[in-house]
Structures are given as structure tokens and as C-alpha cells.
Amino acid sequence: MQRILDAVERAGNCAPHPAMIFVYLILLVAVLSAVLGLVGASVTYWVWNPETSDYEQRTTVARSLLTVDGFRFMYTGVVANFMSSTAVGVIIVAMLGGRRRRGEGADQGLDPRPRTGGTGLGPVLTPRLHRHRLVDRGGRRLSRAHPALGGRLLQHRPTSIAGLGLGFASVAAAFLVNVLIVPVDGILTEMTNDAIALIDAERQISLTATFWFSVGSVVVLTVLIALITDRIIEPRLGPYRGEYRLEEETAGKPEAEARGPRWALWGLLGSLAFVALTTLPPGAPLRDPETGAIIGATPFMNSLIVTIALVFRVSGICYGEGSGTMTHVDQVVDAMAKSLSSLSGLLLFLFVISQSLAFPNYSNIAPLVAVSLADVLQRLDLDTLRLLIGFIVVTLLLDVIITGAIPKWAIFAPIFIPLLMRLDVPPEAVLAAYRVADSPIDAITPLNAYFALVDTFCQKYQQDAGVGTVIALMLPYLLILMAVWMAFFALWQLAGLPWGF
């Protein structure tokens, strides 16, 4: 396996610059759209209409980008496509809160993506990510007292790239299962119920229709991702040999060094108290203005990225003030400005990615492929489990070009829910299967905007890191997660366990 992954990394790193890969992808989509438009490819299916809050039957025809209208769309939509990319705002706000400056309390180099889904691997993820920094600091301090032993510890510290792989696998490859009800669950459930109504207007599923399966998946994936990191990723990468170095610590007064963490704790508690005051009281601004709910598609859940950035920033400022390393407000502004200085290359990636995602949407390639694959699945005449596994495989194939969980389900739900219900497959099982199939491919597809983010972080620790480095890093997670998770899903279905309640 190590030789295969090394070959994958070498081959992947021989590929063109990631930005150029997306340029070539745009050219491929343009040619494919022209071919489909020339043959008059079209499909008829049900689709969600947000203006009427209902599903309607629609016939979609392939649109060529190599026409006057297509050229007009590509040329005039450049800015709009880039500004509509939600990843841009999420990354910038997160980096404003999470940048580490000497004397502050937040570490640099961790994946700053707080998402509304994910497995929540705190007990596994947090200690392991911080271990890389603690080993570095411990070895450096020990080397002052015992040079031989301290140098040995620094020599065998685990590579930080393993921590990046662990974090990305935890929040990308296992995104749609959680032990909590999050906003994406409400949106998926609403779309599912509307799709069910196309067949049975009296039938509905609840928000917790797949809750038990999600909780079971979290337990399995938590252990599995930790084992993959321990047994495969870290042994393959070995001790860190790169040139990246943490900032040298400056000697300070003991009382100031002790005061810094205490002030950071007070900053943390104060920021959490602020969030509680704006969320918990009746009529609070972060509650839903109509229902008063906190969990769901509410201001509180929709602003989690801002909350997390606020907590990190306030705690860091308090640490700097307490330890005496930040004595003026200009230093706070300077730290926030510096936090964006490393994003120039990433913003270029996001610009090209935003265009490469907009063009397939314009040409209608995604619904054409999805409906065609659904027709093939229907003609196979399979039993329930094989139909569900077939649905997972179809979703995995389309994950490469449609990375968003909600946009993809907006296309899939009105196609596959009625289709599989006619074949006696319950909608709860279809939604559970979608949770399995949606996320793992996100860890290796360059169309995922956060793939470029991980690539950028990898280059901090390994200057020659490229697309192949990230794919080779994430490929073991993808292959093992999919094999085990699909087996877990099949056993759940065969055992007749309830998907939720």
C-alpha cells in the first residue's frame, strides 16, 4: 500500500498546477456541453422550486457554452460566480479568528472550517493535532536541559501533515453524520418530505428519521479515522523532515506567563457568556424570529463561523494582554491583517474553482447525468439492499462534479425518492444511504473548495506538496471509509434496525 500511495503522490504531483487543472476542466466542460447540445440531449424530472416551495416537473436540455449565449454567460458572470462562492467568506472569517500570533492562544495550521455537519471528532482530533505542537515545544525545552534527549524527541516528532489529513477526513469525508441535529438535517428532511409527496401526500419523515444510524456511524467513523491515521498515515509519512519551524519562544517573566492562560480563560468565558446572552433569552437576536428556535435553520446555527472566530480572537487577545506580548490595539489589527497574508494563493484557487463549478451548472450536465443513471438503476430490477448500494455508487460517481450536500440532494431527492419508493424502498433508508455516499469523495476531489485549502496548508510544511500529496494523503481514508461504511450500512439494513425515530 505504501508503494502504491507513493506512486499516486508522484503521479499526482507531476500534474499541472492546480489552478491549471481547473482551467483544463473548464475547457473539457465547454467541449462536452457543445457535444451534448449538438445531439439535443434532454431529460424530464421533478425539481424543487424555491419560489413556490414545491416540486414541479421540468425538462432540462443541454446548453452549449460554445454559443453566443454561453460565451456571454462565461464572460459576464466571472465576478458573480466568484462572489457567490460561500467558501471565500467562510475561510476569510475563520482565518481572522484563528490566526496565531506569538503571545496569542490560537494555533495556526489547523483546518479552520467549522461546518454545520461533521462527525465531531473532538476527543480524537484535538489531542492528536495539538500533540504535534506539544512534542515540538517539549523537545525544544528539553534540548536546553538535556541536548541529546531533546534532540532525539524533536527528530521523531510526527509530521503536521498527518494532523491535516486527520482533520480533513473528520470534517469532509464524514460530513453528513453527527450526534446532534444541525441545519443541514432540516434542509435535507424538508426536501425529502417534498419528494415523498410526489408519491404519497400523507407520508412524511421526521427530522430524526436517520438519527440512530448517524450516531452509530459517528462511533464507527471516529474509531476508524483514528486507526487509519495511527496505522497507515503516520507510519507512511514518518517523522517530520521539512523546513517549517514554529516561532521561537521568548523568555518572559514567570508571573506574566502564568497570567496569560488565566486571562485567556476569562476571555473564553466572557465570549461564551456573550453568545449565551444573545441566544438563550426569549426574543434573543440569534433565535429564530418566528418560532424562537435555537437549533435548525436559525441565526445561531447560521452564524457559527462568526461565533467560533469571535471566541478564538477574544481568547487570543486576552492571552496576549495577560502575558504582556500585546500592549496596544494596533497589534491586534496587525495580527488580523497578517492572518490574511497567507491566503493569496488560496484565493486564486477559489477564483478558478468558482468558475469551474458555475459552467457545469449552466450547461445542465449534472441533471442529465443523474437522471440517466437513475433510469439505468431502475431497469436493473434489484432487491432493496442492492438498490440502496446502487444508489450509493451512483451518488459517489456524481460526487466528483457536485460537491455540495444540499445542491446535490436538491437534484437527487425528486429523482431517487419517488423512484425507490415505487420499488418499496423506504425514504428513511434512501436518506441514510445518501449520508453514506455524499461526503467521502469530497476528501480527494479538487472541485471541493477546501481541497485547495488543505493543499495550501500542506505547502507550509512541505514546499513541494501538490495535488498528488493531498490525494495520496486522503486516499486511504476514502477507500477504507467507503468499504467499512457501506458494510456497516448493509448490516444495519439486513438487521432491520430502525434508522431513526
Side-chain angles (χ1 to χ4, degrees), residues 48 50-53 80 83-99 104-106 110-120 122 126 171 175-176 178-191 193-194 206-208 211 214 263-321 326 329 332-333 335-337 339-340 343 404-407 409-410 449-450:
W48 173 257
E51 297 181 357
T52 61
S53 298
M83 296 305 295
S84 63
S85 176
T86 56
V88 176
V90 169
I91 292 173
I92 290 177
V93 173
M95 291 296 286
L96 285 174
R99 167 79 182 191
E104 293 185 12
L110 304 184
D111 186 339
R113 176 172 66 156
R115 295 178 67 177
T116 54
T119 56
T126 303
V171 297
F175 174 62
L176 267 194
N178 207 310
V179 296
L180 300 174
I181 302 299
V182 293
V184 68
D185 295 322
I187 298 172
L188 295 181
T189 301
E190 180 181 355
M191 290 182 174
N193 284 329
D194 288 325
S206 68
L207 191 62
T208 56
F211 179 78
S214 292
W263 283 40
L265 175 61
W266 287 114
L268 172 65
L269 296 177
S271 56
L272 292 178
F274 171 79
V275 174
L277 287 174
T278 56
T279 305
L280 297 180
L286 294 185
R287 285 178 173 268
D288 188 281
E290 297 181 0
T291 65
I294 297 176
I295 305 299
T298 64
F300 171 74
M301 297 300 293
N302 292 334
S303 62
L304 278 179
I305 181 66
V306 179
T307 298
I308 294 173
L310 173 68
V311 170
F312 270 85
R313 178 52 55 190
V314 171
S315 300
I317 292 174
C318 291
Y319 184 97
E321 291 286 349
M326 296 185 69
V329 67
V332 178
V333 177
M336 297 179 71
S339 68
L340 301 180
L343 295 182
I406 294 174
W409 193 235
Y450 299 101

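Nothing fancy with the numbering, it's 1 onward along the sequence.
The shortest non-hydrogen separation linking G267 to S315 is C-OG, 4.2 Å. Considering all non-hydrogen atoms of both residues, Y319 and A264 come closest at CB-CB, 3.9 Å. Taking both residues in full, the closest heavy atoms of D288 and T291 are given as OD1-N, 2.9 Å, listed atom of the first, atom of the second, then distance.
Under the 4.5 Å side-chain criterion, counting only non-hydrogen atoms from C-beta, F274 is in contact with L310. Taking the side chain as every heavy atom from C-beta outward, V314 and L268 never approach each other to under 4.5 Å.
Applying the side chain to side chain contact (heavy atoms under 4.5 Å, CB included) test to T279 and every residue at least two apart in sequence or in another chain returns V275, L286, I294, F300. Every residue two or more places apart in sequence or in another chain that forms a side chain to side chain contact (heavy atoms under 4.5 Å, CB included) with A276 is listed here: L280. Remark: L277 engages no residue in a side chain to side chain contact (heavy atoms under 4.5 Å, CB included) (not counting sequence neighbours). Every residue meeting the side chain to side chain donor-acceptor pair (under 3.5 Å) condition with T208, not counting sequence neighbours, appears here in chain and number order: S206.
Rounding to the nearest 0.5 angstrom, the gap separating the OG1 atom in T307 from the CZ atom in F312 is 12.5 Å.
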